[in-house]
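Only a predicted model underlies this, so the values are computations on that prediction, with no experimental measurement involved. One-based numbering, in listed order, for ligands and for the atoms of each.
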Amino acid sequence: MGSVLDAECTEPGTKVTVIFVLGGPGSGKGTQCANIVRHFGYTHLSAGDLLRAEIKSGSKNGTMIQSIIKEGKIVPSEVTVKLLQHAMQESENDKFLIDGFPRNEENRETFESVTGIAPNFVLFFDCPEDEMEKRLLSRNQGREDDNIETIKKRFKVYLESSLPVIAHYSSKGKLKKIDAAKPVDAVFEDVKAIFNSTSEKVASEEFQHLQDSTSS
Ligand code: UDP
Ligand code: MG
């Protein structure tokens with residue numbers, strides 16, 4: 001049986017559109033992804049939410065994932081990539097926002113080699129640490145990692161492991177950086193401008209793909 005992620009999808013940007021949404025903890029990735037879903041019809045896949053669902057499901061990896069999250073560390077790539085790949089295969093959609101992933105270079109390399117997918121672009125929510133800390137401490141989502149001790153560890157992991165991934169995409173010219181310290185609505189105005197200017201390009205690539213497949 002042909003999976004959505006097989007052969008035809010190994011060419012980036014043809015069949016599946018993937019946008020990585022990166023930024024520190026509390027930078028507003030999840031909030032803005034919900035807005036993007038409403039306006040632009042993407043499917044939102046939060047790596048953290050998938051991992052938390054895996055803990056809840058009582059899977060054999062659950063306790064391992066739970067203790068890593070509590071420590072603010074990064075779950076092994078194979079686990080996270082499998083969850084993301086599965087979620088994409090289950091979806092009817094072909095446009096995905098992957099939020100909070102890749103968190104380190106190994107995550108990035110594993111995703112690329114396992115799925116053969118490269119992101120169309122990467123949204124980076126740039127926010128000062130004191131603002132992120134304030135948001136995390138006031139969001140009350142009942143998360144085990146939103147306490148000051150784990151937050152400090154998450155910031156450290158972000159600086160050491162996630163910023164290099166952001167630098168990588170910047171060097172490839174794929175990074176779209178947003179000032180995430182502004183109020184939610186103002187940030188979304190900037191996000192919309194990015195999607196409006198790139199959707200034309202994505203749409204024309206899709207049209208080209210459609211023409212290629214109907215003329216053969
Ligand atoms: N996490 C991980 N790999 C991922 C995404 C998340 O290991 O690809 C773990 C990590 O421990 C992280 C936690 O899940 O600190 C919460 O991630 P989430 O993206 O939900 O937090 P956010 O950054 O949005 O506050
Ligand atoms: Mg999140």
Check: With respect to atom 3 (N) of ligand 1, which of Leu51, Asn104, Val157, Thr31 exhibits the smallest heavy-atom separation?
Finding: Leu51
Check: Which residue from Glu71, Arg154, Gln141, Lys70 reaches closest to atom 25 (O) of ligand 1 through any of its heavy atoms?
Finding: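 Shortest heavy-atom distance from atom 25 (O) of ligand 1: Arg154.
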Checklist line | Side chain, backbone, both or neither: the part of Lys73 lying under 4.0 Å from ligand 1 by heavy atom | finding: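 For Lys73, the contact with ligand 1 is made by the backbone alone.
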Item checked: Which segment of Val75 sits under 4.0 Å of ligand 1 when only heavy atoms are counted ->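 Both the backbone and the side chain of Val75 come within reach of ligand 1.
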Checklist line | Heavy-atom gap Met132 to ligand 1 smaller than 4.0 Å | finding: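 Flag not set, Met132 not near ligand 1.
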Next item on the list: Could you establish whether Arg52 and ligand 1 come within less than 4.0 Å of each other, counting only heavy atoms on the residue side?
Entry: yes
Margin query: Please identify which of these residues, Asp49, Val75, Ile65, meets the side-chain contact (heavy atoms from CB on, under 4.5 Å) condition with Glu54.
Written below: Ile65
Nearest protein heavy-atom contact for [atom]: which residue, which atom, what distance?
atom                    : value
atom 24 (O) of ligand 1 : Lys29 NZ, 3.4 Å
atom 19 (O) of ligand 1 : Arg103 NH1, 3.1 Å
atom 13 (C) of ligand 1 : Asp145 OD2, 3.9 Å

Check: Within the structure, does Gly24 bring an N/O atom to less than 3.5 angstrom of an N/O atom in ligand 1?
Finding: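 No; every N/O pair is 3.5 Å or more apart.
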Checklist line | Min side-chain heavy-atom separation Asp179-Asp126 under 4.5 Å | finding: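 The answer is no, as the side chains (C-beta and beyond) never meet within the 4.5 Å cut-off.
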Note to self: Are the side chains of Lys70 and Gln66 in contact, using a 4.5 Å heavy-atom criterion?
What the structure shows: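 The answer is no, as the side chains (C-beta and beyond) never meet within the 4.5 Å cut-off.
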Checklist line | Any residue meeting ring-ring contact (aromatic ring centres under 6.0 Å, His included) with His39, in chain and number order, not counting sequence neighbours | finding: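 By the ring-ring contact (aromatic ring centres under 6.0 Å, His included) rule, His39 matches Phe188.
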Show me, pair by pair, the donor-acceptor contacts under 3.5 angstrom made by side chains of residues 157-167, not counting sequence neighbours?
unit_1: Glu160; atom_1: OE2; unit_2: Lys156; atom_2: NZ; d: 3.1
unit_1: Ser162; atom_1: OG; unit_2: Arg103; atom_2: O; d: 2.8

